[in-house]
Amino acid sequence: FGMDAALIAGAVAALSTYAAQSMMYQDPIRGSMSGVRLRSSAWNRGREAQEILDGEKNGRQRIFSIQLQGHIFFGNVTKMADDVKKKLKEKFEAGDEPAVVILDFTNSLGLDSSAAQSIAKLKSFLLENFDVEILLFVTGHEDGFRCTYDLSHQVVDGSSSSSIEIVERMPSIRKHSLTFTARALASQNESKSSHIAKIPNSRVCKTLDEALIFAEDVLIALEDPSILQTDSKKCFPYVRHSSVNEDKARSFLEDLVPSAPSKDMDTLHALLSPEKYYCGEIVWEQGDISESLKLVVEGSLISLLEDEQCAPESILPGSMIGELGLVNSTRRLTTVKVLSQEAILYSLSKASWQTLIEEKPHVARYIDMLVIQYLAHRVQQASNTIVDRCGSVPV
């Protein structure tokens with residue numbers, strides 16, 4: 001009698017869960033959107049990379065994200081798969097074929113084994129029947145998908161046999177050219193100078209931001225892999241390089257403010273003072289008074305938010321930092337520390353900034369526009385969190 005009661009109780013609990021699931025999440029797909037409406041945290045990309053990502057033909061619109069929700073199980077996984085196929089079919093029929101498709105399980109409460117196996121089969125179907133270059137799966141959790149079935153292994157298993165070949169189109173000015181995707185996922189072919197990487201056609205990411213960074217890197221690599229390269233210590237996913245120019249500081253300035261005429265660039269460049277820092281040194285600490293902005297010319301730095309469980313953020317050559325504090329007199333929001341053996345920064349002091357405002361305000365305007373540009377990217381990137389919670393981006 002005891003066993004029968006337990007079985008009945010289990011059946012009732014399962015039916016109750018199914019009913020609650022059906023009422024709360026009637027559709028396993030929460031929504032979908034183009035990558036144009038999303039931004040990764042990679043705010044400090046170079047001008048050439050930004051031009052690719054902002055391009056109308058091969059830019060972020062080639063990223064397509066589908067958000068899933070609720071418990072995905074045998075009762076709704078077929079509908080989920082059919083709806084995913086329908087959305088992709090509509091994109092292809094409209095001539096808006098995505099190169100990278102993201103299936104975001106961040107808001108999924110759980111997967112049963114039968115649903116997980118169906119999702120693994122869906123991966124194969126999408127890659128075989130749609131012209132999708134890369135399929136990314138976002139678990140939303142450090143420990144992977146919320147299921148007992150090893151879905152993470154299944155969706156990447158065998159991907160290396162069917163992958164994108166990234167080949168350098170022209171001789172590089174550098175000794176080595178290697179994209180982030182190559183370093184993270186594939187072996188480099190040292191014997192063939194034209195071969196850069198093989199990018200497997202599927203990948204599992206922990207967060208939506210990780211998937212967006214990867215997707216953006218893939219789009220850049222497909223257009224011009226020479227824009228991405230690794231640093232000597234391989235601390236970061238990619239390091240931006242400047243165009244060929246003997247003066248790296250000026251070259252980076254030209255990347256940051258491409259609309260500035262040469263005369264204005266001369267004025268801005270003349271106000272920068274070089275500084276050298278060594279591994280472990282603190283450039284400034286969180287809460288310090290903002291006395292300058294700095295242009296990173298060589299070396300690797302990291303930005304840390306004290307007393308918070310936030311991931312540190314890399315600061316790469318070509319990045320301008322501290323501009324908000326200088327322009328708005330805001331105290332330093334994070335601590336910045338040197339990671340490489342040494343780092344070369346070019347600094348614009350507060351005194352020089354005030355002089356620039358008074359004597360040549362039109363040149364100071366370029367810094368103002370950089371502040372707006374960086375803040376706009378931060379707002380768009382922060383909106384990804386709102387998308388995860390509310391399903392829409394604020395206007």
Check whether [X] reaches the backbone of [Y] with its side chain - one donor and one acceptor, N or O, closer than 3.5 Å.
X: Q61; Y: K57; answer: yes
X: R39; Y: V36; answer: yes
X: T267; Y: K263; answer: yes
X: K248; Y: V297; answer: no
X: S349; Y: S292; answer: no
X: Q154; Y: Q117; answer: no

Return the minimal non-hydrogen interatomic distance between [X] and [Y], and the atom names on each side.
X: M320; Y: L253; answer: CE-CD2, 4.1 Å
X: P98; Y: V101; answer: CG-CG2, 3.9 Å
X: L151; Y: C147; answer: CB-SG, 4.2 Å

### Carboxylate-amine/guanidinium contact E216 R60, below 4.0 Å
yes
#### Entry: CD1/I289: more than 12 non-hydrogen atoms of other groups inside 6.0 Å
no
### Task
Please indicate whether K206 has more than 12 foreign heavy atoms, meaning atoms of other residues, nucleotides or ligands, lying under 6.0 Å from its NZ.
no
### Task
Report the relative orientation of the aromatic rings in F130 and F92; use parallel for angles under 30°, tilted for 30 to 60°, perpendicular for over 60°.
tilted
### Query
Once you round to the nearest 0.5 Å, how far does CH2 of W284 lie from OG1 of T335?
10.5 Å
### Message
Side chains of T207 and D209 only: does a donor on one sit below 3.5 Å from an acceptor on the other?
### Response
no
### Task
Test side-chain hydrogen bond (donor to acceptor under 3.5 Å, both in side chains) on E275 and S273 and set out the steps.
CA-CA 7 Å; E275 300 173 346; S273 301; over 6 Å; no
### Query
Is there a side-chain contact between F145 and I119, using heavy atoms and a 4.5 Å cut-off?
no
### Candidate pair H269 and D247, rule side chain to side chain contact (heavy atoms under 4.5 Å, CB included), full reasoning
CA-CA 10 Å; H269 183 234; D247 191 330; 2.9 Å; yes
